[in-house]
Amino acid sequence: MSSDPRSDIDIAIIGAGIIGITAAAYLAEAGQSVTLIDRTGICEETSSGNAAAFAFTDPLPLAHKGMMRQLPKWLADPLGPLSIPPAYLPKLLPWLWRFWRAAADGNYEASLAAQGGLMKLAEAEWMGLMQRSATRGMLHEDGCLELYESDAEFQSSLPGWAARDRFGIEYRHLAKSELPDYQPGLAKSFVRGTFLPGWKTVSDPKDLGKAIWRYAEEKGAVFVRGDVGLITPAHGRLTIQLRQGRTVRARQIVIAAGAWSHLLAQQLGDRVPLETERGYNTTLPKTAFDVKRQLVFAGHGFVITPLDTGLRVGGAVELAGLHRPPNFARSKAMLEKAKRFLPGLDPTGGREWMGYRPSLPDTLPVIGRAQSSPNVFYAFGHGHLGLTQSAATARLVRDLVTGASPAIDLAPFSAQRF
Ligand SMILES: Cc1cc2nc3c(=O)[nH]c(=O)nc-3n(C[C@H](O)[C@H](O)[C@H](O)COP(=O)(O)OP(=O)(O)OC[C@H]3O[C@@H](n4cnc5c(N)ncnc54)[C@H](O)[C@@H]3O)c2cc1C
């Protein structure tokens, strides 16, 4: 072991995405000694380029019967809202089977109840963290506008809105004549809309991640660049072998490595069916169009978000694993649609991006202990909602690490539920 003081650390968090960053902030606030380890940097992967939504009003699990009915139509369009490269299908089948089962009535209801509880905590924790870290100025509270191109599309959205009633989530259905009040310049093809006043966005997810990290650093957290290869429990501590050849020892570890987390969990005896839902977007200059609030085109699987740093157009799901090169024809296809939906949009000068949503088939993240090592904690698998649920996850990680009673029941989020 080298004499470098960072070779023997107290709590190591692996992964400096928004989950690892917020966990570092919460633990450092609680007086814990925290080292955040990442092979790239602070908020440089999926958490850097997402759609910036605090989707506290979206507790609905992805796998539901309405979605299953859409699948054949979506899969028929290779650049549509959902695609699976045929060569990847055999590897994906076990995950798809679990996803299918998650849509069954009882399973769906169980995920909905768990997700509803986590979302309530998510909003309270983010508002508190923003206050404490002086980042409240990065919050946009303009709500969002979901748009429908046919009455049939609107009607098929109604069960989802009814499910939100159970959580007291406020929304307002809009007639065609009301749409320009919420977003001027929309194409005439939209016949209905729904306004969600409680939906929030942030000024830029990467800027927010870096700001929360600065706050964590002020509280004493430190960063180490390193690519974690092997984790081995030994004599009540854990040895972390970095691919660069260095080894560090830790008393406790939090695995928050996003779409790569299952590779580490597997070493500790937990086989977690984590897949990645790859998503694409293009960030245009701010001047591309005056978008008043986040616009959601659910039937096309993408959104447009006005950021302080640009106008972000994108979404979609590509189930294609961690190794295939990006297919930016997907971001171009969404941009073309955006131009159709907002005819005055200037689609030039954009920057394309792809990120890896870390997704479990029942939509719930993994938050809890490793099976074989009580001093390893998991915090990953937040799918479409990692930014939204990060502060709540950090709170729960802090509860576990410090031995406090968790703020919500963690059984539905266990790594051993599969
Ligand atoms: C197009 C798109 C739009 C989205 N929009 C939203 C949205 O509006 N709202 C929302 O809430 N969520 C959204 N999401 C989802 C959200 O971005 C993710 O859930 C979230 O970023 C996951 O955060 P994370 O910290 O788990 O993972 P990441 O941000 O991917 O961070 C994981 C980190 O772990 C590191 N790492 C992995 N393995 C190792 C290793 N072995 N050693 C060292 N480091 C390692 C990686 O380098 C990376 O930095 C969107 C996602 C996409 C793709």
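Residue numbers run from 1 in the order of the sequence given. Each ligand, and each atom within it, is numbered from 1 in the order the structure gives.
- Regarding atom 27 (O) of ligand 1, its nearest protein heavy-atom neighbour is Gly258 CA, 3.4 Å.
- Nearest protein heavy-atom neighbour of atom 2 (C) of ligand 1: Arg357 NH2, 3.7 Å.
- Residue-ligand proximity, Gly226 to ligand 1, at heavy-atom distances under 4.0 Å covers atoms 42 (N), 43 (C).
- Checked against the 6.0 Å centroid criterion, the rings of Trp260 and Tyr356 qualify as a close aromatic pair.
- Residue Gly15 has at least one heavy-atom neighbour below 4.0 Å for each of these atoms of ligand 1: 33 (C), 34 (O), 35 (C).
- Under the side chain to side chain donor-acceptor pair (under 3.5 Å) test applied with Arg312, the options Thr282, Thr283, Asn50, Thr201 reduce to a single match, Thr283.
- Ring geometry, Phe297 versus Phe190: the interplanar angle falls from 30° to 60°, so the pair is classed tilted.
- Close contacts between ligand 1 and Trp260 involve ligand atoms 30 (O), 37 (C), 38 (N) [criterion: under 4.0 Å to a heavy atom].
- Note that Arg192 lies outside the cation-pi zone of Tyr148, set by a 6.0 Å cut-off to the ring centre and a 45° limit from the axis.
- Here the options are Val248, Asp227, Thr247, Ile231, the test is side-chain contact (heavy atoms from CB on, under 4.5 Å), and the partner is Gln241; only Thr247 passes.
- Taking any N or O of Val228, backbone or side chain, at least one lies under 3.5 Å from an N or O belonging to ligand 1.
- Of the N or O atoms in Gly386, one or more lie within a sub-3.5 Å distance of an N or O in ligand 1.
- Not one N or O of Ile14 is nearer than 3.5 Å to an N or O of ligand 1, by distance alone.
- The shortest N or O to N or O distance between Asn50 and ligand 1 is under 3.5 Å.
- No more than 12 heavy-atom neighbours from other residues, nucleotides or ligands sit within 6.0 angstrom of CD on Glu170.
- Looking at Ala51 next to ligand 1, an N or O pair under 3.5 Å apart turns up.
- Looking only at protein heavy atoms, the nearest one to atom 9 (N) of ligand 1 is Ala53 O, 2.9 Å.
- Residue Ile18 has at least one heavy-atom neighbour below 4.0 Å for each of these atoms of ligand 1: 23 (O), 25 (O).
- Between His300 and Phe302, the ring planes lie perpendicular to each other; the angle is over 60°, past the 30° to 60° tilted range.
- Annotation for ligand 1: atoms under 4.0 Å from non-hydrogen atoms of Thr388 are 9 (N), 10 (C), 11 (O).
- The protein heavy-atom contact nearest to atom 35 (C) of ligand 1 is Asp38 OD2, 3.1 Å.
- Short contacts between ligand 1 and Glu45, defined as distances under 4.0 Å to a heavy atom of the residue, involve ligand atoms 30 (O), 46 (C), 47 (O), 48 (C), 49 (O).
- Of the heavy atoms in His384, only backbone atoms (N, CA, C, O) come closer than 4.0 Å to ligand 1.
- Seen from the ring of Trp126, Arg395 does not count as a face-on cation partner, given the 6.0 Å and 45° thresholds.
- Using a 4.0 Å heavy-atom cutoff, Ala55 is absent from the residues neighbouring ligand 1.
- Protein heavy atom nearest atom 31 (O) of ligand 1, with residue, atom name and distance: Gly17 CA, 3.3 Å.
- Residue Glu44 places no heavy atom under 4.0 Å from ligand 1.
- Residue pairs meeting the salt bridge (Lys or Arg N to Asp or Glu O under 4.0 Å) criterion with at least one member in residues 43-56, sequence neighbours excluded, are Glu44-Lys206, Glu44-Lys210.
- Using bins of under 30°, 30° to 60° and over 60° for the plane-to-plane angle, the ring pair His173/Trp161 lands in the perpendicular bin.
- Of all protein heavy atoms, the one lying nearest to atom 44 (N) of ligand 1 is Arg39 N, 3.3 Å.
- Numbered from 1 in the order shown, with element, the atoms of ligand 1 that lie under 4.0 Å from a heavy atom of Gly383 read 15 (C), 16 (C), 18 (C), 19 (O).
- By the 3.5 Å distance cut-off applied to N or O atoms, Ala259 is not counted among the residues near ligand 1.
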Distance-only check: which donor-acceptor pairs under 3.5 Å involve side-chain atoms of residues 85-92, not counting sequence neighbours?
from	atom 1	to	atom 2	distance (Å)
Tyr88	OH	Glu275	OE1	3.2
Tyr88	OH	Glu275	OE2	2.8

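- Environment of CZ in Arg132: crowded, with over 12 heavy atoms of neighbouring residues, nucleotides or ligands closer than 6.0 Å.
- In terms of polar-atom proximity, defined here as any N/O pair under 3.5 Å, Thr46 does make such a contact with ligand 1.
- Near Leu385, the atoms of ligand 1 lying under 4.0 angstrom from a non-hydrogen atom of the residue are 10 (C), 11 (O), 12 (N).
- The 12-atom threshold is exceeded at CZ of Arg417, counting heavy atoms of other residues, nucleotides or ligands nearer than 6.0 Å.
- Checked by distance only, ligand 1 and Asn281 stay at 3.5 Å or farther apart across all their nitrogen or oxygen atoms.
- Distances between N or O atoms of Ser47 and those of ligand 1 include at least one value under 3.5 Å.
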